[in-house]
Amino acid sequence: MKIFLETFGCQMNEYDSELIRSILRSHQHTFVEQLDQAEVALLNTCAIRENAHERIYHRLDDLKGRKRRQKNLVVGVLGCMAQNLRQELAEHAPIVDIVAGPDSYKRLPLLIDAASGKGAKGFDFSLSEYETYSDIAPQRQPGVNAWIAIMRGCDNFCTFCVVPYTRGRERSREPQNIVAEAHRIAAEGFKQVTLLGQNVNSYRYEQSDFADLMESVAEVFGIRRVRFTSPHPKDFPRKLLHTMAANPKLCKHIHLPLQSGSDSVLDRMNRTYTRQEFLDLVDEIRAIIPEVSLTTDVICGFCGETDADFEETLGVMQRVEFDSAFMFKYSPRKQTIAERKFADDVPEEVKTQRLMRLIDVQREISKKRNAVEVGNVYEVLVEEPSKKNSDEWLGRTDQNKGVVFFDDAAKPGDFVQVRINAAGTNTLRGAVERNGWRRLPVQTECCVS
Ligand code: SF4
């Protein structure tokens, strides 16, 4: 059948969509780019943020109209939202024919057959203690970066988070299997691998820990850069930091989710570290990997967050000076501990004001941290044409900073030396340096945001 697959949410969902493509192609299904060419519409969904929910329901409303005109269209909802809101989605019948959680993708061919052949509905949201999809080779889109999921699920039960309920218990893949996938990726021409997991640095398989795995992947011929996301601050042993510092292929960027700078909020979030422990970890990371860039996630307006709690968060942001941050207002997610136990008692307008303050503070910090890069030369991996000007390239430094530059000889996947000559809040701008001379044009003003 002709399948239209749309992906919402995080990189893990993007990776799962690559697995879904592989599973369905092996059952002779094909994929189409346009919804109006499709016989089956699959939405691979996310349950983390409220706006992802809204976008998916909006999409389902579209499909409702389409299904009136195309009666045999099969509609499937997959992923975290399918797992989390199965009852609610089942009530969308007859719009939704298939509901399948993240551990049920191998049953998709059967579910599609059931829904399309006999009009029967196919629901499967069993969670597995073992499923890692390690026997499936994902069908990747061409590019410079390839994702590898090295583990699935999470055992941390942060009180605001649905992941332990939608993706089940934590389980790691065999290291040999991951390294074999990295060899295939390198043979396909990818230069960079990003190791993925909901709590990626708690990876462990028998005697092998995350640092061992990173080194093994970095040894793969053809792979020039290894990244990872998303780690938890509680899982940064010194061994991992020294491994990152010593190996030039391991990128010097750590996304270190803070979530809150207040001990009482961190406790209610069940983050298992204190403000001081987080600050000590930042100091240790910077002592061992001086060139590291640090980014973070912050939630404001969590249950019971007072003005003083929020000031503590701002204090940590000002003290650490993250290179950039993803900042969110708290909204309760169904089934989570926070939704069941705590009152969502910070008024919406207070959440909005706090978010605005966070964004303002972080914008100044990012600007300052980027400004000191002017004059430095970085090796940049060329990714794609710049969105604002397709004559220019967007690439990334080892520290994961975006750099816009002009080079008529470059192509995606190349590594070029770029001297930074202007800095904005989110992006750097530079000029290529090759054999001691500089390619045009050199910008005097920064026009990036
Ligand atoms: S570590 Fe916490 S926030 Fe991250 S996936 Fe696990 S429960 Fe969710």
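Read the numbers this way: they start at 1 and go in the same order the structure lists the ligands and their atoms. The figures that follow rest on heavy atoms only: side chains count, while hydrogens, waters and symmetry mates do not.
Close contacts of ligand 1 with H232, meaning ligand atoms under 4.0 Å from a residue heavy atom, involve 1 (S). For ligand 1 and R271, the ligand atoms under 4.0 Å from any heavy atom of the residue are 2 (Fe), 3 (S). Close approach to F157 involves these atoms of ligand 1, each under 4.0 Å from a residue heavy atom: 7 (S). Taking every heavy atom of P164 and a limit of under 4.0 angstrom, the matching atoms of ligand 1 come to 7 (S).
Under a cut-off of 6.0 angstrom, the local environment of CZ in F157 is crowded, with over 12 non-hydrogen atoms contributed by other residues, nucleotides or ligands. Heavy-atom contacts from other residues, nucleotides or ligands closer than 6.0 Å to CZ of R238 number 12 or fewer. Environment of NZ in K2: sparse, with no more than 12 heavy atoms of neighbouring residues, nucleotides or ligands closer than 6.0 Å. With a 6.0 Å radius and a threshold of 12 heavy atoms from other residues, nucleotides or ligands, R204 has its CZ atom above the threshold. Within a 6.0 Å radius of CZ in R184, more than 12 heavy atoms belonging to other residues, nucleotides or ligands are found.
In terms of protein heavy atoms, atom 1 (S) of ligand 1 is closest to N156 ND2, 3.3 Å. In terms of protein heavy-atom proximity, atom 8 (Fe) of ligand 1 is closest to C161 SG, 2.3 Å. Of the protein's non-hydrogen atoms, the one nearest atom 6 (Fe) of ligand 1 is C154 SG, 2.3 Å. Closest to atom 4 (Fe) of ligand 1 among all protein heavy atoms lies Q198 O, 3.9 Å.
Using a non-hydrogen distance threshold of 4.0 Å, R167 does not register as a contact of ligand 1.
Among the atoms of C158, an N, O or S atom falls under 2.8 Å of atom 2 (Fe) of ligand 1.
Contacts between P257 and ligand 1 below 4.0 angstrom, taking non-hydrogen atoms only, are absent altogether. The proximity of V163 to ligand 1, defined as any non-hydrogen pair under 4.0 Å, is limited to the side chain.
Judged by the 6.0 Å distance and 45° axis criteria, R224 is positioned over the aromatic ring of F415. Because its NZ or CZ atom is not both nearer than 6.0 Å to the ring centre of F310 and within 45° of the ring axis, R357 does not count as a cation-pi partner of that residue.
No donor-acceptor contact under 3.5 angstrom links the side chains of E181 and N177, judged on distance only.
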